[in-house]
*Asks:* 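Submitted below is the structure of interest, expressed as structure tokens.
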Amino acid sequence: MLAITASATIAGVDGRPVSVEVHVAGGLPAFTVVGLPDTSCREARDRVRAALLSSELGWPEEKVTVNLAPSGLPKVGSGLDLAIAVALMVALDRVPRDSVTNLGFLAELGLDGALRPVRGALPMVAAMDRPEVVVAPGNHAEAQLVERVQSRPVSSLRQLAEVLRGEAAWPPVPPPRPVATPPPVPDLADVRGQPVARQALEVAAAGGHHLLMVGPPGAGKTMLAKRLPGLLPPLDPGDALTVTRVWSAAGLALAGGLIRVPPFRAPHHQISSVAMIGGGSAAMCPGEVSLANGGVLFLDELGEFPPAALEALRQPLEEGTVRVSRVHGSQTYPARFVLVAAMNPCPCGESGAPGGCRCSDSARARYHRRLSAPLLDRFDLRVVVERPGAADLLSAPVGEGSAAVAQRVAGARSRARARSGGLNVDLRPEELNRVAPLTPGSRFLLERAVTDGRLSGRGLHRVRTVARTMADLDGAQAVSDEHLAAALAHRVDPLGIGVRP
Amino acid sequence: MTALPPAAHLAALMSLDGMWPRRARLVLARRSPEAAWEALLDGALARSVPLLRALRGRGPELVQGWAEQARALDVPRLWQRHLQLGIGVTEPRAHPAALREDPAPPTVLFHRGGFDHLDGARVAIVGTRKCTRYGRDVAFDLGAQLAEAGVGVVSGLALGIDAEAHRGALAGTPTAPPIAVVGSGLDVVYPRANDVLWQQVAERGLLLSEAPLGAAPEGWRFPARNRLIAALADVVVVVESHVRGGSMSTVDEALRRDRPVLAVPGSVRSDASAGTNALLAQGAGPVTGVDDVLAVLGCTPGPRRPVADDRLAPDEMGATVLDAVGWQPSTLDQVVLRTAFDVGAVALAVERLIEAGWLVRTGGWLERVPAHR
């Protein structure tokens, strides 16, 4: 007796269709799973048997062979449980054979026959070429995001059997679980003073430029960074789906539906390079750079991160994707994010001001050696953030709120998109003379910065893109000398370690 | 083989591993350099009971090690190298008076330039390596004005204040030579950044060290170096110093030798001036200009040349920004808050002020430049 059902597994952030073939025939009672199952997939055997027996659907005292095709593709996780159970029911004639031809199945089984949600439901459902997919109620919100597929949430194996036999209708869609409202993003109005850092944040949001803040502890670097998501516009539908797919694959989006708020990821500085860029077991989980896709990756205490984790950032920063290769194959994940980093000027952290530091030269050099020049070079915006004085804290006018700034950012983004079809951070050098021609005054400023050794050729190009973003924020057609001077001022060598900005 | 001068054997003795100044003094006690060298080669030194006792427990092992090295050493070639580099080696009785009479006199001195450069009045200008623009400017000006007044500037050729004082002493029309005491061998330029300055001091003045050729700038050599700076100076001026640091060890050595210590007052908010301000509180004389130093030396101040400021006067915006920067290192943030202009306008004004020489940028900080340079 042979039966075939459709399901899917996950590789990286992509679903892959899997056809589950069950063969039941005479012989000593046994249950074999072939087709590169991982441990949790192999354990399906015990879950499926208990679920079928608890649901009073019977268990064959015969030899059962389960083949997961294509057999060369590694299968991970427990999402194939339901497809195996249903194929068995078909093979044992518990449900009619033609009732499953248009269905896909994706759920883990409890020993009591309950359907449980699995991670990566969105990409897996999208990978199945069936018009209807049976999922656990907890996966319905994700599954229904795939437009061409009808999601069929079912809560137990017994209920599913009744529907397949035609004894009952599809159960009603459960009311959406109240999704915990995400904690509100703090408002930029809380920041007093810090005009340069505020502007840097605004420019980072509008142009997608990476930002490095250097300053002593308590200067407000983290406070500023946490306010960046509030300045970014909501994700557009395409980006939202990509972000949701990645989060689903990482098992983070089980409760809600589409993610529209740009993500904000702030990994701890002891992160490994695998956790940073993705990888791991056969499942190849997306890393922090991919979870931050479409949003902000915030690295607090940049100088404390393992150098390997930081160097691994170079490819994603350059290409917007990250390619992870392992023995089982290689995966490409999306990784387009705004990198915001904060660090102390030196180990004592006291002050980066000339004459203010108490560290020994060697301690300073060691601290600064952890950051490579190529990585620092990726930051278009590098600003010094100092502790605001008491007078600034008490008497500085309340800053602009996030809403007003976000509106300006949205305007600047749409201007940039209308002009070059993307964010300014992606402007190519050859486009600059068209979109940001230089005035004689600006040309002079840049020439001097280059002859002084303050700017490299690459830096020159980056300063001009930042100036373009500043002009966009002002709603200006042309890039003025002030925009360019401000862009230069936002690109200092804050560590004084002679990295050419 | 032509006979080698005593200095060649001194240089050879000092080049042995672990031949520190104190040990060299023991080896050279009651022996001429040639005699000490011969005694080392023929084993007489290894049998010298007073020497072994003075070297404490490690005596036999040290002397044996020296003897092995000495047999392998090509003395004429080593001396040839000293001659090529123009480096003299002297034993205590040939030392300049200021060092001969010192309570902690050096044993052997390596020098480039003659001791006649020490004939006039000398002032040590010392301070922190991590200085502010203010400290640099004051050190430069003091160095320049003292050198023009015929006073030799003594310093340590470290980064920061030391280097700036000598840069000043070499600029303009100096009438006194620069004098530097360093903590490494005279062929080991440390820090590398001072390479050019190092050569200029050697060419136009006197470069001194207790360390043999090739000696690395080891930590213990610097306090010893500071003692020589204090010993050579008639007056010690501390321009900027943190509460602890090498300049404070120079000050201690100067006080031990009854040399007047003067300090340049600084902002109470600047860590780099915390040490100098503390010295002032303890009674050091304040330096508000070169005249204060000359007065302590007993010189009459020369006629003051008017300061020529040929910088382009800043416009109204520039003047406001310059005022906002003040004489403290300031971030652009602070300037923007103090002026209430927007970031772009201030940034542009700052670029123009830097261009005209009114401001400099150090890392992410802005510092104001006074008229002298």
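Sequence lines set the chain letters: A, B, ... in the order given, protein chains first and strands last, and positions in each chain run from 1. Quick caveat: nothing in here was measured; it's all calculated off a predicted structure.
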*Asks:* Under 4.5 Å between any side-chain heavy atoms of B/Leu348 and A/Leu445, yes or no?
*Replies:* yes
*Asks:* Taking all heavy atoms of B/Leu332 and all of A/Ala489, pick out the closest pair and write down the distance.
*Replies:* CD2-CB, 3.4 Å
*Asks:* Can you tell me how far CD of B/Glu355 sits from CZ of A/Arg448, rounded to the nearest 0.5 angstrom?
*Replies:* 4.0 Å
*Asks:* Can you tell which part of B/Thr132 gets under 4.5 Å to a heavy atom of chain A, answering side chain, backbone, both or neither?
*Replies:* both
*Asks:* Mark yes when over 12 heavy atoms from residues, nucleotides or ligands other than A/Gln407 sit less than 6.0 Å from its CD; otherwise mark no.
*Replies:* no
*Asks:* Is it the case that more than 12 heavy atoms not belonging to A/Arg458 sit under 6.0 Å from its CZ atom?
*Replies:* yes
*Asks:* Give the member of A/His490, A/Gln194, A/Glu482, A/Gln199 that has the highest number of heavy-atom pairs under 4.5 Å with chain B.
*Replies:* A/Glu482
*Asks:* Quick one: does B/Glu351's side chain get under 4.5 Å of A/Phe444's, heavy atoms only?
*Replies:* no
*Asks:* So which residue, B/Asp333, B/Thr128, B/Ile354, ends up with the most heavy-atom pairs under 4.5 Å with chain A?
*Replies:* B/Asp333
*Asks:* Looking at B/Glu316, I want to see if its CD is surrounded by more than 12 non-hydrogen atoms of other residues, nucleotides or ligands under 6.0 Å.
*Replies:* no
*Asks:* Which atoms of B/Glu240 come close to chain A, meaning under 4.5 Å heavy atom to heavy atom: side chain ones, backbone ones, both, or neither?
*Replies:* neither
*Asks:* Between B/Arg361 and A/Val492, is there a side-chain heavy-atom distance shorter than 4.5 Å?
*Replies:* yes
*Asks:* Which atoms form the tightest heavy-atom contact between A/Ala486 and B/Gly344, and what is the distance?
*Replies:* CB-CA, 3.8 Å
*Asks:* Would you give the length of the straight line joining atom CG of B/Leu337 to atom CD of A/Glu386, rounded to the nearest 0.5 angstrom?
*Replies:* 12.0 Å
*Asks:* Need one label for B/Arg129: side chain, backbone, both or neither, based on atoms under 4.5 Å from any heavy atom in chain A.
*Replies:* side chain
*Asks:* Would you mind reporting whether B/Arg352 and A/Asp481 have side-chain heavy atoms less than 4.5 Å apart?
*Replies:* yes
*Asks:* Given the options B/Pro329, B/Gly160, B/Ser273, which has more heavy-atom pairs under 4.5 Å with chain A than any of the others?
*Replies:* B/Pro329
